[in-house]
K.L.:
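After the C-alpha cells below, expect a handful of questions from me.
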Amino acid sequence: MPKVKKGEDGGSPPSTDNVSSLVTRPMNLSERKALLRKVQPPSTISSLRRPEILMDFFTDSLNMGDLSLSVPALTGLFHLITTRNLDYPHFYPRLYSLLDQDLLHSKYRSKVMRHLDTFLAPTNHLPVATIASFIKRLSRLCLFAPPSAIVAVVPFIYNLLKQHPSTTFMIHRNPFPPYTKSKTDLGVDPYDPAETDPQTTGAIDSSLWELDTLQSHYHPTVASIARIISEQFTKQHYNLEDFLDHGYGTLMDAELKKKEGKKEREPVVEYKIPRRIFAREEGELVEDGDKDFVKDLWNFD
C-alpha cells in the first residue's frame, strides 16, 4: 500500500478515485492510523462522491479494539449516520465499551471526552436510559481515576444532567448497600456494570453515590468540584475546555497560586498564652505543702 503522507498544513484529503482502493487494501496498524486521520474528518467524508464506501473501513477499524483506532472510527461513523442516514445499531454500545478502567488513565482521555460531548448531545434524541448509563459508568470510573481526570468528568456529568433533566432523579436517590453505612434496608443497586448494552444496564433506577463519595476525596480540588452535584443547578453549562487538559502539574500550580496575594496569618495554637508552663487551674487553692520550687522557676514575668 502506498504511504499516506501528511503535509505541513495537515495534508490534503485523498482523492475520491483513490479512496475505494486505499480502504480495501491490506495495511498494518500504522498505515491504518494514517489513513483514518485522512478520511475521518467530516469535510473529507462530505467531499466524496460515495462516502458510504467508508462504512466497512470504519467498522473494521472499530472492531480491532485499539483505542487509537476506535476514536476516529467512531467519529467517521457518527458523521455517516447523521448525514447519510446509515444504520449502525451498535454505535452506542461500542462507544459505551470504550469507557473502561484504562480510559481515564490514557492519553486519549481528553479526545474521547470531546467526542462524547458531541455523541451525547440533546440534539441526538437519545433514550434517557442510555444517557443514564453513560453518567453512571463515568461516575463509577471516577472512583479509580487520577484527580486530573476527575476534575474534567464531574463537570461533564453536570452538563449531561442539566441537558437531560430526567436523569436528575439519580442524584436524589439514597445510596444502596454496601455503598452506605446506613443500616436501613435500601435494597440492592440495580445498575449492572457488566451489561454491554447501555439501554438495559438499569442505571436510570440507580443513584450517583460515587459522586457523593468524591466529596470526601483527599485532593481538595476534586472534593470541591464534586460538591457542585449537591448544590442547586444554577449554572447553565460548564466549558469542558477549561478542565480537559488538566494534569498533576496544572493542579499543583492552581494550588500554589491560591496563596498568592493573601496575607499570611500566624497559626493560633492557644486561646490564651499562659505565663507559666506548669500553671495551675484558675481558682485552684494552693496550700503551703503543695508549693514546688521547680514550677516557680518557669515564670515568664
K.L.:
Are the side chain of Gln232 and the backbone of Thr234 linked by a donor-acceptor contact shorter than 3.5 Å?
P.N.:
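Side chain of Gln232 to backbone of Thr234: no pair is present.
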K.L.:
Flag yes if more than 12 heavy atoms outside Lys111 fall under 6.0 Å of its NZ atom; otherwise flag no.
P.N.:
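No, NZ of Lys111 has 12 or fewer neighbouring heavy atoms, counting only those of other groups under 6.0 Å.
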K.L.:
How many angstroms lie between CG in Leu141 and CG in Asp100, if you round to the nearest 0.5 Å?
P.N.:
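One finds 7.5 Å between CG of Leu141 and CG of Asp100.
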K.L.:
Ring centroid separation for Phe119 and Phe91, is it under 6.0 angstrom?
P.N.:
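So the answer is yes for these two rings.
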K.L.:
Is there side-chain contact between Ile171 and Ser207, with heavy atoms separated by less than 4.5 Å?
P.N.:
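Side chain of Ile171 against side chain of Ser207, heavy atoms only: no contact under 4.5 Å found.
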K.L.:
What residues form a side-chain hydrogen bond (donor to acceptor under 3.5 Å, both in side chains) with Asp66, not counting sequence neighbours?
P.N.:
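Once residues adjacent in sequence are excluded, the partners of Asp66 under the side-chain hydrogen bond (donor to acceptor under 3.5 Å, both in side chains) criterion are Ser68.
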K.L.:
Kindly indicate, with the supporting measurements, whether the criterion side-chain contact (heavy atoms from CB on, under 4.5 Å) is fulfilled by Asp87 and Ile81.
P.N.:
CA-CA 6 Å; Asp87 187 25; Ile81 292 170; over 6 Å; no
K.L.:
Just do the side-chain contact (heavy atoms from CB on, under 4.5 Å) check on Ile45 and Phe58 with the steps written out, would you?
P.N.:
CA-CA 12 Å; Ile45 298 175; Phe58 288 145; 4.1 Å; yes
K.L.:
Give me the atom names and distance for the closest heavy-atom approach of Ala203 to Met170.
P.N.:
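Taking every non-hydrogen atom into account, O-CE, 3.4 Å.
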K.L.:
Once side-chain hydrogen bond (donor to acceptor under 3.5 Å, both in side chains) is applied, do any residues pair with Ser139, and if so which ones, sequence neighbours excluded?
P.N.:
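Applying side-chain hydrogen bond (donor to acceptor under 3.5 Å, both in side chains) to Ser139 gives none.
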K.L.:
Mind checking whether Ile225 and Pro155 have side chains closer than 4.5 Å, heavy atoms only?
P.N.:
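Yes, at least one pair of side-chain atoms sits under 4.5 Å.
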K.L.:
Any donor and acceptor pair, going by atom type alone, linking the side chain of Asn159 with main-chain N or O of Tyr238 inside 3.5 Å?
P.N.:
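Judged by distance alone, yes, a pair lies under 3.5 Å.
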K.L.:
Any sub-3.5 Å donor-acceptor pair from Asp60's side-chain atoms to Asn63's backbone N or O?
P.N.:
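A pair under 3.5 Å: no.
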K.L.:
Is there a side-chain contact (heavy atoms from CB on, under 4.5 Å) between Met27 and Leu35? Walk through the geometry before answering.
P.N.:
CA-CA 10 Å; Met27 63 189 81; Leu35 186 55; 4.0 Å; yes
K.L.:
Quick one: do Val128 and Leu120 end up in the same hydrophobic cluster if we chain Ile, Leu, Val, Met, Phe, Trp and Tyr together by side-chain heavy atoms under 4.5 Å apart?
P.N.:
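Not linked; separate clusters.
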K.L.:
Test of understanding: clusters of I, L, V, M, F, W, Y form through side-chain heavy atoms closer than 4.5 Å, transitively. Do Leu104 and Val151 belong to the same one?
P.N.:
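Yes, Leu104 connects to Val151 through the hydrophobic network.
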K.L.:
Filter on ring pair (Phe, Tyr, Trp, His ring centres under 6.0 Å), then keep only pairs touching residues 132-151, sequence neighbours left out; what's left?
P.N.:
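Found Tyr96-Phe134.
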K.L.:
With distance as the sole criterion, is a donor-acceptor pair present between the side chains of Ser206 and Asp189 under 3.5 Å?
P.N.:
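Present: a donor and an acceptor within the cut-off.
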K.L.:
Is it true that the side chains of Gln215 and Ser230 contain a donor and an acceptor less than 3.5 Å apart?
P.N.:
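Present: a donor and an acceptor within the cut-off.
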K.L.:
Taking only residues two or more places apart in sequence or in another chain, which ones pass side-chain hydrogen bond (donor to acceptor under 3.5 Å, both in side chains) with Gln163?
P.N.:
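If we apply the side-chain hydrogen bond (donor to acceptor under 3.5 Å, both in side chains) test to Gln163, skipping adjacent residues, there are no hits.
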K.L.:
Between the side chains of His90 and Thr59, does any donor sit under 3.5 Å from an acceptor?
P.N.:
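Thr59 and His90 do not have a side-chain donor-acceptor pair below 3.5 Å.
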K.L.:
Considering residues at least two apart in sequence or located in another chain, which fulfil the salt bridge (Lys or Arg N to Asp or Glu O under 4.0 Å) criterion with Glu52?
P.N.:
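If we apply the salt bridge (Lys or Arg N to Asp or Glu O under 4.0 Å) test to Glu52, skipping adjacent residues, the hits are Arg84.
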K.L.:
How many angstroms lie between CE in Met113 and OG in Ser110, if you round to the nearest 0.5 Å?
P.N.:
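Here the interatomic distance stands at 8.5 Å.
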K.L.:
Please say yes or no: joined through hydrophobic side-chain contacts below 4.5 Å, possibly via intermediate residues, are Ile229 and Phe169 part of one cluster?
P.N.:
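Not linked; separate clusters.
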K.L.:
For residues Leu69 and Val71: do they belong to one hydrophobic cluster (side chain heavy atoms under 4.5 Å, members Ile, Leu, Val, Met, Phe, Trp, Tyr)?
P.N.:
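In one cluster: yes.
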K.L.:
Determine whether Leu208 and Leu161 satisfy the following criterion, side-chain contact (heavy atoms from CB on, under 4.5 Å), listing intermediate values before the conclusion.
P.N.:
CA-CA 11 Å; Leu208 297 182; Leu161 292 170; 4.3 Å; yes
K.L.:
Any side-chain heavy-atom pair from Ser133 and Arg137 closer than 4.5 angstrom?
P.N.:
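With C-beta onward as the side chain, the pair stays apart.
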K.L.:
So, His164 side chain and Ser166 main chain: donor-acceptor pair closer than 3.5 Å or not?
P.N.:
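Checking the backbone N and O of Ser166 against the side chain of His164, no donor-acceptor pair under 3.5 Å is found.
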K.L.:
Tell me whether Lys136 is salt-bridged to Glu210, with the criterion being a basic N under 4.0 Å from an acidic carboxylate O.
P.N.:
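Counted as a salt bridge, because a side-chain N and a carboxylate O are separated by less than 4.0 Å.
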K.L.:
Give, for atom CZ of Arg114 and atom CZ of Arg109, the distance between the pair rounded to the nearest 0.5 Å.
P.N.:
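Output value for this atom pair is 10.5 Å.
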K.L.:
Taking Asn85 for the side chain and Leu80 for the main chain, is one N or O donor matched with an acceptor at less than 3.5 Å?
P.N.:
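Checked: no pair found.
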K.L.:
Quick check: do Arg173 and Trp209 have side-chain heavy atoms less than 4.5 Å from each other?
P.N.:
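They are not in contact (no side-chain heavy atoms under 4.5 Å apart), so the answer is no.
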K.L.:
Taking side-chain hydrogen bond (donor to acceptor under 3.5 Å, both in side chains) as the test, write out the residues that go with Arg227, two or more places apart.
P.N.:
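In terms of side-chain hydrogen bond (donor to acceptor under 3.5 Å, both in side chains), with neighbours along the sequence ignored, Arg227 is linked to no residue.
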K.L.:
What about the rings of Tyr158 and Phe233, do their centers lie closer together than 6.0 Å?
P.N.:
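Ring centres of Phe233 and Tyr158 closer than 6.0 Å.
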K.L.:
Return the minimal non-hydrogen interatomic distance between Asn28 and Glu31, and the atom names on each side.
P.N.:
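The answer is OD1-N, 2.8 Å.
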K.L.:
Taking the side chain as everything from C-beta on, heavy atoms only, tell me whether Ser97 gets closer than 4.5 Å to Thr196.
P.N.:
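Not touching, per the 4.5 Å side-chain cut-off.
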K.L.:
With a 4.5 Å cut-off on side-chain heavy-atom distances among I, L, V, M, F, W and Y, is there a chain of contacts connecting Phe78 to Ile53?
P.N.:
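Yes; Ile53 is reachable from Phe78 via cluster members.
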K.L.:
Any non-hydrogen side-chain atom of Lys38 less than 4.5 Å from a side-chain atom of Thr44?
P.N.:
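No, their side chains stay 4.5 Å or more apart.
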K.L.:
With the side chain counted from C-beta on, respond yes when Thr167 and Ile135 share a heavy-atom pair under 4.5 Å apart, and no when they do not.
P.N.:
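Yes, at least one pair of side-chain atoms sits under 4.5 Å.
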K.L.:
Of the non-hydrogen atoms in Val154 and Ala226, which two are nearest, and what is the gap between them?
P.N.:
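Heavy atoms of Val154 and Ala226 come nearest at CG1-CA, 4.1 Å.
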K.L.:
Atom OH in Tyr108, atom CG in Leu67: separation rounded to 0.5 Å?
P.N.:
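Spacing of OH (Tyr108) from CG (Leu67) equals 6.5 Å.
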K.L.:
Once rounded to the nearest 0.5 Å, what's the spacing between atom CG of Leu74 and atom CG of Leu98?
P.N.:
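Interatomic distance, Leu74 CG to Leu98 CG, rounded to 0.5 Å: 5.5 Å.
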K.L.:
State the CG-CG distance between Leu138 and Leu103, to the nearest 0.5 angstrom.
P.N.:
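If we round to the nearest 0.5 Å, Leu138:CG and Leu103:CG are 8.0 Å apart.
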K.L.:
Are His217 and Ile150 close enough that some pair of their side-chain heavy atoms sits under 4.5 Å apart?
P.N.:
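Sidechains of Ile150 and His217: in contact.
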